[in-house]
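We count ligands from 1, going down the list as the structure has it; atoms in each ligand are counted the same way.
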Amino acid sequence: MKNKYPTYGFFLVLLMVFSSCKNEADYHTITDKIEAEQKPYHGDLTSEELLTGTELIKITEGEFTFLIPERKGQVKSFACIECHSKPLQQMGNGKETKAHWDIKINHASVASMNCATCHNPENMNNFNSLTGKDIDFNLSHKLCAQCHSSQFEDWKGGAHGKKVAGWAPPRASMTCVNCHNPHSPSFEPRWPVQFNTQKVIERNEGLEH
Ligand code: HEC
Ligand code: HEC
Ligand code: HEC
Ligand code: HEC
């Protein structure tokens with residue numbers, strides 16, 4: 001049994017020698033060689049493969065075409081029409097039921113922003129553009145783009161926000177609502193992590209002895 005291993009080892013070495021013996025002459029130029037041998041950052045995995053399990057949709061905005069995560073499967077109370085089967089005024093029978101008590105608007109000023117700025121009381125299943133057009137729940141970036149055009153322009157090009165996976169094509173980017181809560185979009189300020197000076201003094205004293 002024991003003496004089998006050297007034989008396997010020998011063949012393994014032979015295999016390695018032969019497989020790594022790619023001739024310089026196989027490539028016409030150094031650029032050809034780089035092109036042929038380069039590997040994307042995440043090995044050979046495409047963004048799509050890295051994102052198996054995340055449902056993506058393809059969008060085209062201006063000259064850019066890329067993938068973003070779909071939202072309808074993630075938004076808890078979608079589809080809205082399960083309850084919003086009739087216009088809002090006819091719902092709740094006059095009583096205030098506060099179905100969405102957990103949603104508080106902390107976005108711009110109360111005067112300029114209310115539910116109907118973004119949601120259509122006649123058709124909750126779609127967003128409402130400022131000119132009264134329907135916007136699909138998967139395309140909420142179009143809603144934000146109406147007022148935040150500079151961030152939207154940067155996002156399209158990949159400067160604002162984040163790639164979902166790597167730089168390996170196809171490009172997949174997080175969408176605005178993956179990072180910003182549309183109802184309260186700014187990030188809470190955070191205190192820096194406390195630095196325990198007492199522990200440092202103790203440690204230094206320990207070193208002196
Ligand atoms: C479980 C039932 C239910 C679902 C699902 C639901 N809603 Fe509602 N919603 C209500 C009821 C009932 C009211 C009306 C009275 C109230 O405020 O409780 C309401 C009111 C609203 C209002 C008006 C609130 C106000 O203060 O004027 C908005 C906007 C709204 N819903 C948006 C949505 C959207 C968008 C969805 C889907 C993403 C959704 N709702 C899904 C039950 C629901
Ligand atoms: C600035 C635009 C904007 C305003 C104003 C706004 N919403 Fe929304 N709302 C959104 C977007 C965008 C989503 C979908 C977010 C996502 O994809 O996660 C959403 C989602 C929702 C949902 C589904 C949330 C869930 O997780 O199930 C409800 C319910 C809702 N909004 C109700 C309201 C109510 C009620 C108001 C007013 C008090 C309001 N919204 C005001 C943009 C807005
Ligand atoms: C109707 C116009 C309008 C729409 C639609 C809108 N916003 Fe805003 N948003 C504003 C205004 C006005 C402010 C407050 C002024 C400012 O800081 O630019 C603001 C503030 C913000 C801020 C905070 C800026 C800060 O300084 O902290 C973020 C983040 C933001 N919005 C993201 C979004 C996202 C994401 C969407 C889409 C879901 C969206 N907005 C939709 C008008 C809008
Ligand atoms: C990967 C997460 C991410 C995505 C996606 C994203 N943002 Fe942001 N956004 C941020 C961060 C982080 C900041 C900086 C917040 C701060 O400085 O407090 C920011 C800041 C902002 C601000 C405040 C002004 C500024 O530039 O600092 C606005 C408005 C805004 N984003 C809108 C958007 C819109 C609209 C989209 C989609 C087109 C979007 N964001 C997509 C993370 C994101």
Side-chain angles (χ1 to χ4, degrees), residues 47 50-51 54-92 94-167 170-193:
S47 298
L50 284 165
L51 288 161
T54 314
E55 224 189 293
L56 299 168
I57 53 162
K58 190 185 255 176
I59 59 162
T60 298
E61 288 295 346
E63 70 218 81
F64 301 99
T65 295
F66 53 100
L67 303 163
I68 58 169
E70 77 93 44
R71 295 301 305 162
K72 288 178 185 173
Q74 305 300 315
V75 175
K76 274 176 279 148
S77 45
F78 199 83
C80 319
I81 44 165
E82 279 171 26
C83 298
H84 291 273
S85 52
K86 49 189 173 185
L88 199 56
Q89 309 93 283
Q90 294 165 33
M91 287 182 71
K95 284 179 282 168
E96 209 188 343
T97 51
K98 295 230 175 359
H100 305 298
W101 58 272
D102 53 334
I103 294 177
K104 301 254 176 330
I105 302 299
N106 181 15
H107 191 170
S109 68
V110 191
S112 62
M113 197 73 86
N114 57 59
C115 312
T117 311
C118 302
H119 297 287
N120 182 351
E122 310 291 311
N123 171 16
M124 277 311 173
N125 246 24
N126 286 300
F127 298 122
N128 197 15
S129 84
L130 295 174
T131 54
K133 293 206 181 72
D134 283 350
I135 297 175
D136 192 272
F137 253 66
N138 278 337
L139 306 177
S140 53
H141 61 274
K142 288 185 186 292
L143 190 66
C144 318
Q146 301 176 105
C147 305
H148 300 291
S149 57
S150 71
Q151 285 81 11
F152 174 65
E153 289 300 319
D154 288 349
W155 175 76
K156 274 197 299 189
H160 187 103
K162 189 178 183 300
K163 303 271 170 299
V164 184
W167 290 90
R171 175 186 157 192
S173 283
M174 302 247 219
T175 188
C176 317
V177 293
N178 288 131
C179 299
H180 299 285
N181 177 345
H183 305 129
S184 182
S186 57
F187 295 100
E188 293 294 313
R190 287 198 230 168
W191 288 103
V193 175

Pair Asp136, Phe127 - check side chain to side chain contact (heavy atoms under 4.5 Å, CB included), show working. CA-CA 6 Å; Asp136 192 272; Phe127 298 122; over 6 Å; no
With the side chain counted from C-beta on, respond yes when His100 and Lys98 share a heavy-atom pair under 4.5 Å apart, and no when they do not. no
Could you tell me if the side chain of Arg71 sits less than 4.5 Å from the side chain of Val177, heavy atoms only? yes
Top protein contact for atom 27 (O) of ligand 3, by heavy-atom distance: Ser186 CB, 3.1 Å
closest protein heavy atom to atom 42 (C) of ligand 2 is Pro182 CB, 3.6 Å
Name the orientation class of the two ring planes belonging to His107 and His148 (parallel below 30°, tilted from 30 to 60°, perpendicular beyond 60°). parallel
Between the candidates His100, His119, Lys72, which shows the shortest non-hydrogen contact distance to atom 7 (N) of ligand 2? His119
So does Asp154 get a backbone contact from the side chain of Gln151, meaning a donor-acceptor N/O pair under 3.5 Å? no
Does any N or O atom in Ser77 lie less than 3.5 angstrom from one in ligand 2, N or O only? yes
Closest to atom 28 (C) of ligand 2 among protein heavy atoms sits Ile103 CD1, 3.4 Å
List the closest protein heavy-atom neighbour of atom 17 (O) of ligand 2: residue, atom name, distance to the nearest 0.1 Å. Arg71 NE, 3.0 Å
For the atoms NE2 of His148 and NE2 of His107, give the angle they form at atom 8 (Fe) of ligand 3, rounded to 10 degrees. 180°
Looking at atom 6 (C) of ligand 2, what's its closest protein heavy atom, distance included? His183 CD2, 3.3 Å
Could you tell me whether Thr175 approaches ligand 4 through its side chain, its backbone, both or neither, with non-hydrogen atoms closer than 4.0 Å? backbone
Does the plane of the ring in His119 sit parallel, tilted or perpendicular to the ring in His183? Use 30° and 60° as the thresholds. tilted
So, does Asn178 use its side chain to make a donor-acceptor pair with the main chain of Thr175 at under 3.5 Å? yes
Near Thr117 (heavy-atom distance under 4.0 Å), the atoms of ligand 3 are 1 (C)
Return the minimal non-hydrogen interatomic distance between Phe137 and Cys80, and the atom names on each side. CZ-SG, 4.2 Å
Closest to atom 20 (C) of ligand 4 (heavy atoms only, candidates Gln151, His160, His141, Glu61) is His160
So the atoms of ligand 4 within less than 4.0 Å of a heavy atom of Lys162 turn out to be 1 (C)
Can you confirm whether or not the ring centre of Phe152 sits under 6.0 Å from the ring centre of His160? no
From the options Cys115, Cys147, Cys83, Cys118, select the one whose nearest heavy atom is closest to atom 2 (C) of ligand 2. Cys118
Can we call the ring centroids of Phe64 and Trp155 under 6.0 Å apart? no
Any protein heavy atom lying closer than 4.0 Å to atom 15 (C) of ligand 3? no
With heavy atoms of Phe187 as the reference, note each atom of ligand 4 found under 4.0 Å away. 10 (C), 11 (C), 12 (C), 13 (C), 15 (C)
dist Asp134:CG -> Asn120:CG (nearest 0.5 Å) comes out at 6.0 Å
Considering only the protein, which heavy-atom contact is closest to atom 13 (C) of ligand 3, and what is its distance? Ala108 CB, 3.7 Å
Verify side chain to side chain contact (heavy atoms under 4.5 Å, CB included) between Glu122 and Leu88, making sure each step is shown before the conclusion. CA-CA 7 Å; Glu122 310 291 311; Leu88 199 56; over 6 Å; no
What atoms of ligand 2 come within less than 4.0 Å of a heavy atom belonging to Lys76? 25 (C), 26 (O), 27 (O)
Heavy-atom pairs closer than 4.0 Å: do any link ligand 2 to the side chain of Phe127, the backbone, both, or neither? side chain
One finds that the ligand 4 atoms under 4.0 Å from a non-hydrogen atom of Met174 are 5 (C)
What residue and atom, counting heavy atoms only, is the protein's closest point to atom 9 (N) of ligand 4, and at what distance? His180 NE2, 2.8 Å
Got a sec: is Cys176 within less than 2.8 Å of atom 8 (Fe) of ligand 4 via an N/O/S atom? no
Please examine the side chains of His141 and Ile68, heavy atoms only from C-beta on, and report whether any two atoms are closer than 4.5 Å. yes
Option whose closest heavy atom lies nearest to atom 35 (C) of ligand 4, chosen from Cys179, Cys144, Ser140, Pro185: Cys144
Would you mind telling me if ligand 2 is within reach of the side chain of Asn114, the backbone, both or neither, using heavy atoms under 4.0 Å? backbone
Test salt bridge (charged side-chain N to carboxylate O under 4.0 Å, His left out) on Lys142 and Glu61 and set out the steps. CA-CA 9 Å; Lys142 288 185 186 292; Glu61 288 295 346; 2.8 Å; yes
Residue, atom name and distance, where the atom is the protein heavy atom closest to atom 5 (C) of ligand 3: Leu143 O, 3.4 Å
